[in-house]
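Just so you know, ligand 1 is whichever comes first in the structure, and atom 1 is the first atom listed for that ligand.
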Amino acid sequence: MRIIIAGYGNVGRSLHRMLEERRKELLRELSLDAMVVAVVDRGGAAVHWRGIPYGKLAEAKDRHGTVARAERHGRPGVGVLEVLEEVGADVYVDTTLPNFEDGQPSISYMERALIRGMHVVTSNKAPLALAMPALLEIAGYKGVKLLYSGTVGGGTPFLSLASRSLRGNRIRAVRGVLNGTANYVLYRMEVSGVSLGEALEEARRLGYAEADPSLDVGGMDAAAKLVILTNHATGSRYTLRDVRYSGIEGVGPRELSDAAGRGRALRLIADSGELRVGLDEIDVRSPLNVPANLNAVEFDVEELGSVYLIGRGAGGPETAAAILRDMAELSS
Ligand SMILES: NC(=O)c1ccc[n+]([C@@H]2O[C@H](COP(=O)([O-])OP(=O)(O)OC[C@H]3O[C@@H](n4cnc5c(N)ncnc54)[C@H](OP(=O)(O)O)[C@@H]3O)[C@@H](O)[C@H]2O)c1
């Protein structure tokens with residue numbers, strides 16, 4: 001499997017390292033013979049048809065800030081579209097940054113890859129949140145797959161619980177905590193009485209927050225995940241424009257301790273029934289009242305009632321592990 005990776009930050013880099021470190025195991029256990037033939041960041045590309053070693057790219061990135069300065073393989077100024085045209089590959093992996101205005105340039109990258117007959121695996125949620133129905137249609141038309149396990153829940157398999165473990169059951173709705181940073185901020189304000197700004201700074205220091213934390217705090221990130229999870233679990237075809245969302249701004253330790261006094265907790269809840277993300281008061285004993293940066297989803301299943309899954313929602317290696325699961329699916 002020949003792979004092009006766009007984005008060489010936390011996720012892209014972790015993925016490249018894992019593919020190399022676990023090469024033998026992936027081949028033996030999953031028949032996944034993975035070779036990274038191109039990597040692209042904002043400085044340009046590194047390309048080699050026989051595969052690029054992780055150490056070489058990591059060194060170029062650390063030393064020069066871009067993979068395009070890698071010895072022999074570096075191609076400064078060469079972008080994703082050129083690489084997709086010039087480099088033969090089976091899979092395009094998008095780990096670039098989300099743009100929730102119009103999903104670009106990633107929507108164009110994914111469309112180009114699909115049209116050229118490549119499978120697409122993404123951890124970038126913006127293109128899916130804004131254009132999931134159209135992208136799935138192109139993939140279906142071209143007979144390739146569009147997989148996105150890393151977009152919701154980092155490594156925790158919320159999406160595959162819906163599509164695999166609950167296959168054959170009818171999922172009526174999904175509801176839950178889909179943004180670990182917002183949850184961490186609420187939790188810290190609740191248990192330690194710190195301000196929203198202080199809690200957010202802690203989250204940033206711990207590496208939980210998105211590059212642009214207003215996406216976490218303002219509810220947009222959770223809204224994007226709600227679109228992806230709802231479409232995946234229920235077969236609907238929503239986009240971000242269909243979701244009403246608000247965030248956790250304006251809440252302080254006072255509101256959280258008042259709620260606690262009533263046996264309630266304030267959580268940023270995404271709900272597919274109302275297609276809404278917003279602050280909700282939930283019972284302190286609810287499984288959705290998770291601590292720290294955890295995510296939690298309740299699947300309302302016709303045959304089973306409520307099924308819950310709780311786990312860590314983000315992290316570079318965790319998200320790279322989700323991308324690996326998608327690759328394993330492609331090779332099976
Ligand atoms: N980290 C997580 O826990 C997590 C979890 C789930 C989903 N995600 C999503 O996964 C994606 C990657 O996250 P991350 O944490 O790895 O971000 P990151 O560390 O900021 O890395 C982003 C990478 O994308 C590159 N990039 C941006 N625009 C590009 C373009 N037009 N062409 C080529 N490369 C481009 C950047 O290049 P430069 O290095 O040159 O700046 C950088 O290497 C994001 O969409 C994020 O929302 C992340």
Side-chain angles (χ1 to χ4, degrees), residues 4-18 38-47 57-58 60-70 74-84 92-110 112-113 120-130 147-159 178-181 183-184 203-204 206-216 220-225 228-229 293-295 311-326:
I4 295 170
I5 302 176
Y8 210 58
N10 296 317
V11 178
R13 205 166 149 155
S14 298
L15 174 67
H16 192 189
R17 196 187 60 238
M18 272 183 200
V39 172
V40 196
D41 65 16
R42 280 185 280 204
V47 180
L57 277 204
K61 188 76 182 163
D62 287 342
R63 189 177 290 189
H64 305 292
T66 173
V67 297
R69 296 279 301 276
R75 311 258 301 266
V78 169
V80 176
L81 290 177
E82 283 164 277
V83 167
L84 289 171
Y92 167 66
V93 181
D94 196 303
T95 73
T96 65
L97 290 174
N99 167 7
F100 287 105
E101 291 289 313
D102 59 7
Q104 296 295 358
S106 283
I107 289 181
S108 302
Y109 298 163
M110 291 183 193
R112 183 72 62 92
V120 170
V121 178
T122 180
S123 68
N124 179 358
K125 24 192 181 290
L128 287 185
L130 292 161
L147 300 176
Y148 41 84
S149 296
T151 56
V152 181
T156 306
F158 293 111
L159 294 169
L178 295 179
N179 185 282
T181 305
N183 202 69
Y184 180 84
R204 209 194 313 250
L206 292 166
Y208 300 154
E210 277 282 329
D212 174 3
S214 67
L215 298 175
D216 299 312
M220 171 95 85
D221 179 81
K225 290 170 180 164
I228 298 168
L229 180 58
N293 66 334
L294 288 178
N295 283 195
R312 260 189 294 173
E318 290 85 347
T319 306
I323 295 177
L324 264 187
R325 285 203 301 272
D326 286 345

Practice item. Let me know which of Lys61, His16, Arg42 forms a side chain to side chain donor-acceptor pair (under 3.5 Å) with Tyr8. Key: His16
Review point. Where's the contact between Glu318 and ligand 1, heavy-atom distance under 4.0 Å: side chain, backbone, both or neither?
Key: neither
Point to revise | Thr66 and ligand 1 - part of the residue with a heavy-atom distance under 4.0 Å | key: neither
Study note, to complete from the structure: Quick look: Val11 vs ligand 1, heavy-atom contacts under 4.0 Å, and the answer is both
Study note, to complete from the structure: atom 44 (C) of ligand 1 sits nearest the protein heavy atom Thr96 O, 3.2 Å
**Study point:** Spacing of Asn293 atom CG and Thr181 atom OG1 [to the nearest 0.5 Å]
**Key:** 7.5 Å
Review point. Short list, please: which atoms of ligand 1 are under 4.0 Å from a heavy atom of Gly150?
Key: 6 (C), 7 (C)
Check your understanding: Is Arg13 in contact with ligand 1, taking contact as a heavy-atom separation below 4.0 Å?
Key -> no
Review point. When you measure from atom 40 (O) of ligand 1 to every protein heavy atom, which one gives the shortest distance, and what is it?
Key: Arg42 N, 3.0 Å
Point to revise | Atom pair CG/CZ of Leu178 and Phe158 - distance to nearest 0.5 Å | key: 7.0 Å
I'd like a table of donor-acceptor pairs (distance under 3.5 Å, sequence neighbours excluded) in which one partner is a side-chain atom from residues 150-157, with atom names and distances.
residue : atom : partner : partner atom : Å
Thr151  : OG1  : Tyr148  : O            : 2.7
Thr156  : OG1  : Arg312  : N            : 3.3
Thr156  : OG1  : Arg312  : O            : 2.7

Point to revise | Atoms of ligand 1 close to Val80 [distance to a heavy atom under 4.0 angstrom, numbered from 1] | key: 32 (N), 33 (C)
Point to revise | Non-hydrogen atom of Val40 closer than 4.0 Å to ligand 1 | key: yes
Review point. So, Asp41 side chain and Val67 main chain: donor-acceptor pair closer than 3.5 Å or not?
Key: yes
Exercise for review: Around atom 15 (O) of ligand 1, find the nearest protein heavy atom and jot down its residue, atom name and distance.
Suggested key: Asn10 ND2, 3.2 Å
Review point. What atoms of ligand 1 come closer than 4.0 angstrom to any heavy atom of Tyr8?
Key: 23 (C), 42 (C), 43 (O)
Practice item. Report yes if some N/O of Gly315 lies less than 3.5 Å from some N/O of ligand 1; otherwise report no. Key: yes
Exercise for review: Any chance you could measure Ile228, atom CD1, to Lys125, atom NZ, to the nearest 0.5 Å?
Suggested key: 7.5 Å
Check your understanding: Under a heavy-atom criterion of less than 4.0 Å, does Ala6 contact ligand 1?
Key -> no
Point to revise | Side chain, backbone, both or neither: the part of Ala126 lying under 4.0 Å from ligand 1 by heavy atom | key: neither
Check your understanding: Where is the tightest heavy-atom contact between Pro317 and Ser14, given as atom of each residue plus distance?
Key -> N-OG, 3.7 Å
Practice item. For ligand 1, note which part of Ser123 has a heavy atom under 4.0 Å away: side chain, backbone, both or neither. Key: both
Review point. Which bit of Tyr148 gets closer than 4.0 Å to ligand 1, counting heavy atoms only: side chain, backbone, both or neither?
Key: neither
Check your understanding: If only atom types and distance count, is the side chain of Asn99 paired as donor or acceptor with the main-chain N or O of Gln104 below 3.5 Å?
Key -> yes
Practice item. Could you grab the distance from atom CD1 of Ile107 to atom CG of Asp102, nearest 0.5 Å is fine? Key: 7.0 Å
Review point. Which ligand 1 atoms are under 4.0 Å away from a heavy-atom of Gly7?
Key: 23 (C), 24 (O), 25 (C), 34 (N), 43 (O)
Exercise for review: Quickly, which of Val121, Ile323, Asn124 forms a side chain to side chain contact (heavy atoms under 4.5 Å, CB included) with Asp94? Name it, please.
Suggested key: Asn124
Check your understanding: Among protein heavy atoms, which sits nearest to atom 5 (C) of ligand 1, and what does the distance come to when rounded to 0.1 Å?
Key -> Thr319 OG1, 3.0 Å
Check your understanding: Has the side chain of Asp326 got a donor or acceptor atom that lies under 3.5 Å from a matching backbone atom of Ser149?
Key -> yes
**Study point:** Sub-3.5 Å N/O-N/O distance, Gly9 and ligand 1
**Key:** yes
Check your understanding: Under a 4.0 Å N-O cut-off, is there an ion pair linking Asp62 with Arg13?
Key -> yes
Review point. Are any of the heavy atoms in Pro98 under 4.0 Å away from ligand 1?
Key: yes
